[in-house]
Amino acid sequence: MTQYVNIALPKGRLGEKVYSLFAEAGFECPSILEENRKLIFENPGRGVRYFWVKPSDVAVYVERGAADIGVCGKDILLESSPEVYELLDLKTGKCRMAVASRKDFREDHRRPLRVATKFVNIAQDYYSSIGREIDIIELNGSIEIAPILGLSDVIVDIVETGTTLRENDLVETEKIMDISARLISNKSSYEFKKEKIEQITNSVGLLVSNRK
Ligand code: PRP
């Protein structure tokens, strides 16, 4: 019976890019490229089973062992601190976590800064590191609207090209950190399927370092 390595990929453009990397590294699964609504694909010959999950759920699948390995953004690892091993920086899906505000915003240090974000822990850690008191407003998306409508003073969010900020007349004021996609592993899978997981990590890692 084939022993599969179960791999959770983030559904969307980043996941497709990452799948190409895995395929190039020798862990292809051609059925994944068929146009359909299936979510699970396997290649018994290579011993890999891929599944598409919501990007923010990858770490949950891996932490609980439903997936042996997976790919997710460093932002999610920092925000939710899952109990997983971080094996590799895939140097793709590059973006940054930044603070942005309206162009005309002037900070009033006498009161807490109102910060809208999906990344509550990252924002709290950042502002406590600079000693600024904040009032967190947790949102789930379209964060850029918050300062425009006066719900918050600033936002802490992901910036990739900067287009969303520009088109909403916001400006980036501070960069908190660079972000990229990481290969992560379930801790016990890493012991039980060590050989195969290391084989994948090394082959993909070699490709990533040759690409630089
Ligand atoms: C992310 C982020 C910004 C946008 C930044 O949103 O929250 O809105 O991408 O990209 P840009 O700098 O290239 O414009 P996403 O599309 O993930 O959706 P969200 O609103 O659910 O966060």
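Counting starts at 1 for both ligands and their atoms, following the listed order. In what follows, residues are counted from 1 in the order of the sequence shown. Predicted model, so just to flag it, every value in this text is computed and none were measured.
Protein heavy atoms are found less than 4.0 angstrom from atom 8 (O) of ligand 1. The nearest protein heavy atom to atom 15 (P) of ligand 1 is not closer than 4.0 Å. Distance check on atom 22 (O) of ligand 1: some protein heavy atom falls below the 4.0 Å cut-off.
Of the protein's non-hydrogen atoms, the one nearest atom 13 (O) of ligand 1 is Thr161 OG1, 2.5 Å. The protein heavy atom nearest to atom 5 (C) of ligand 1 is Ile158 O, 3.4 Å. Of all protein heavy atoms, the one closest to atom 3 (C) of ligand 1 is Glu144 OE2, 3.2 Å. Nearest protein heavy-atom contact of atom 17 (O) of ligand 1 is Lys118 NZ, 4.7 Å.
Aromatic rings of Tyr50 and Tyr19 (six-membered ring for Trp) have centroids within the 6.0 Å cut-off, being under it.
Checked by distance only, ligand 1 and Asn140 stay at 3.5 Å or farther apart across all their nitrogen or oxygen atoms. For ligand 1, the polar-atom distance check against Ile143 finds no nitrogen or oxygen pair separated by under 3.5 Å.
Asp135 places no side-chain N or O within 3.5 Å of a backbone atom of Arg114 that could act as its donor or acceptor partner. Here the side chain of Ser152 pairs a donor or acceptor atom with the backbone of Val154 at under 3.5 angstrom. Proximity of a side-chain donor or acceptor of Ser189 to a complementary backbone N or O of Ser185 within less than 3.5 Å is not detected. Under a 3.5 Å cut-off, the side chain of Lys193 and the backbone N or O of Tyr4 do form a donor-acceptor pair. Using a distance-only test at 3.5 Å, with no hydrogens or angles considered, a donor-acceptor pair links the side chain of Ser129 to the main chain of Tyr126. Judged by distance alone, with hydrogens and angles left aside, the side-chain atoms of Asp68 form no donor-acceptor pair with the main-chain N or O of Val5 at under 3.5 Å. With Glu144 contributing its side chain and Leu165 its backbone, the two residues share no donor-acceptor pair below 3.5 Å.
Listed by number with element, the atoms of ligand 1 under 4.0 Å from a non-hydrogen atom of Thr163 are 12 (O), 14 (O). Close contacts of ligand 1 with Gly162, meaning ligand atoms under 4.0 Å from a residue heavy atom, involve 11 (P), 12 (O), 13 (O). Below 4.0 Å from some heavy atom of Ser142 lie the following atoms of ligand 1, by number and element: 20 (O). Heavy-atom proximity to Val159, at under 4.0 Å, picks out these atoms of ligand 1: 12 (O). Heavy-atom proximity to Thr164, at under 4.0 Å, picks out these atoms of ligand 1: 4 (C), 5 (C), 8 (O), 10 (O), 11 (P), 14 (O).
In this structure, Arg132 is not positioned above the aromatic face of Tyr127 in the sense of NZ or CZ being under 6.0 Å from the six-membered ring centre and within 45° of the axis.
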